[in-house]
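Remember, it's a predicted structure, so these values are computed and weren't measured experimentally.
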Amino acid sequence: MHSFGYRANALLTLAITILAFMCGIASFSDNFNTPTPTAQVQVLNINWFQKKPDGDDEASLTLNISADLQSLFTWNTKQVFVFLAAEYETPKNALNQISLWDGIIPTKEHAKFSIHTTNKYRFADQGSNLRGKPFNLTLHWHVMPKTGKMSANKLVMTGYRLPEAYR
């Protein structure tokens, strides 16, 4: 007859094997989800655009952010981290990214939202590179699953420009 310890070990090994198999299936099932998120960002106002004493440009924007990210959620999604970034080019760098706003979406019910806000983080450039500069607003998201690998994607919105003169 087998001892209690041997039987407990066999039962625990079987339970962990089944759990690992179920986690693998859950992670694999996310490959069949084809999300179709939508977003729209309006720059309602440029509150101020100035040159700081240290020579850097800085701007404050009033934004209206509307998004429907519900399609990112599956039964395996724990939460979604989302952020809005301004992206532009300068002579020094081919790509500059500045995070303007971010948030964590905990459930599918919170994934359809409309926010009226100013930029949460400073829109500043090292130097005088922002005057008259065209820029894109890009909504990035990172899907954090309960099990499996994280995925990330973005939605680029073009056609924005900062003014030529400081105000």
Side-chain angles (χ1 to χ4, degrees), residues 27 29-167:
S27 178
S29 71
D30 279 344
N31 293 332
F32 300 110
N33 183 35
T34 53
T36 54
T38 59
Q40 181 181 7
V41 178
Q42 294 174 314
V43 177
L44 300 176
N45 189 28
I46 298 175
N47 303 323
W48 44 263
F49 179 49
Q50 64 188 11
K51 186 179 194 91
K52 297 189 318 180
D54 61 2
D56 296 344
D57 285 349
E58 185 174 3
S60 172
L61 309 174
T62 299
L63 305 166
N64 190 15
I65 306 167
S66 299
D68 183 358
L69 305 177
Q70 290 179 329
S71 64
L72 297 174
F73 280 82
T74 65
W75 63 277
N76 189 33
T77 304
K78 180 178 181 181
Q79 65 186 13
V80 175
F81 175 71
V82 61
F83 69 96
L84 182 71
E87 299 178 344
Y88 61 96
E89 295 180 10
T90 59
K92 261 186 166 177
N93 302 308
L95 177 64
N96 294 279
Q97 291 181 314
I98 299 172
S99 180
L100 300 177
W101 171 86
D102 65 10
I104 295 174
I105 303 170
T107 62
K108 187 174 186 172
E109 291 75 31
H110 294 97
K112 190 171 187 176
F113 60 89
S114 182
I115 298 172
H116 181 82
T117 184
T118 59
N119 46 303
K120 189 174 178 181
Y121 305 106
R122 293 179 13 168
F123 188 171
D125 181 70
Q126 297 173 345
S128 300
N129 298 311
L130 292 180
R131 284 185 297 161
K133 181 66 67 180
F135 65 96
N136 298 331
L137 290 174
T138 305
L139 191 71
H140 296 261
W141 60 83
H142 298 264
V143 178
M144 298 169 195
K146 293 175 184 166
T147 182
K149 66 176 187 152
M150 284 181 34
S151 62
N153 210 336
K154 63 185 177 182
L155 191 62
V156 179
M157 292 155 277
T158 61
Y160 302 96
R161 181 177 291 276
L162 288 167
E164 293 284 342
Y166 297 117
R167 21 173 153 163

Should the pair Phe135 and Phe123 be assigned to parallel (<30°), tilted (30 to 60°) or perpendicular (>60°) ring geometry? perpendicular
Give a yes or no on whether Gln97 atom CD has more than 12 heavy-atom contacts from other residues, nucleotides or ligands under 6.0 Å away. yes
Working note: Tyr121 + Asp102, criterion side-chain hydrogen bond (donor to acceptor under 3.5 Å, both in side chains); need CA distance, chi angles, decisive distance, verdict. CA-CA 9 Å; Tyr121 305 106; Asp102 65 10; 3.0 Å; yes
What class does the angle between the rings of Phe113 and Trp101 fall in, given that below 30° is parallel, 30 to 60° is tilted and above 60° is perpendicular? tilted
Within a 6.0 Å radius of atom NE2 on His140, are there more than 12 heavy atoms belonging to other residues, nucleotides or ligands? yes
To the nearest 0.5 Å, tell me how far Asn45 CG sits from Ser60 OG. 8.5 Å
So CZ of Phe32 and OG1 of Thr74: to nearest 0.5 Å the spacing works out to 12.5 Å
What do the steps show when you test Thr62 against Asn47 for side-chain hydrogen bond (donor to acceptor under 3.5 Å, both in side chains), and what is the final call? CA-CA 7 Å; Thr62 299; Asn47 303 323; 2.8 Å; yes
Can you confirm whether Lys112 is buried at NZ, in the sense that more than 12 heavy atoms of other residues, nucleotides or ligands lie under 6.0 Å from that atom? no
Nearest 0.5 Å, please: how far is CG in Leu69 from OG1 in Thr77? 11.5 Å
Any side-chain heavy atom of Asn64 within less than 4.5 Å of one from Ser114? yes
Could you tell me whether Asp56 and Lys51 have a side-chain N and a carboxylate O separated by less than 4.0 Å? no
Under 4.5 Å between any side-chain heavy atoms of Leu63 and Gln42, yes or no? no
Hey, does the side chain of Arg167 reach the backbone of Trp48 with a donor-acceptor pair shorter than 3.5 angstrom? no
Checking Lys149 side chain against Met144 main chain: does a donor-acceptor pair fall under 3.5 Å? no
Is any side-chain heavy atom of Thr36 less than 4.5 Å from a side-chain heavy atom of Asp68? no
Looking at OG1 of Thr90 and CD of Gln126, how far apart are the two atoms once the value is rounded to the nearest 0.5 Å? 9.5 Å
Look at atom NZ of Lys52 and say whether more than 12 heavy atoms of other residues, nucleotides or ligands are closer to it than 6.0 Å. yes
Note, Pro35 side chain near Trp141 side chain (heavy atom, < 4.5 Å): no
Ignoring hydrogens and geometry beyond distance, is a side-chain donor-acceptor pair present between Glu87 and Thr138 at under 3.5 Å? yes
State, without any angle test, whether Tyr88 and Asp125 hold a side-chain donor-acceptor pair at a distance under 3.5 Å. yes
Could you state the interatomic distance from CD (Gln40) to CG (Leu155), rounded to the nearest 0.5 Å? 11.0 Å
Main-chain N/O of Leu61 paired to Asn119 side chain as donor or acceptor, under 3.5 Å: yes
Would you check if Phe83 and His142 make a side-chain contact, meaning some heavy-atom pair closer than 4.5 Å? yes
With heavy-atom distances below 4.5 Å as the criterion, would you say the side chains of Leu162 and Ile46 are in contact? yes
I need the Glu164 CD to Phe49 CZ distance, nearest 0.5 Å. 9.0 Å
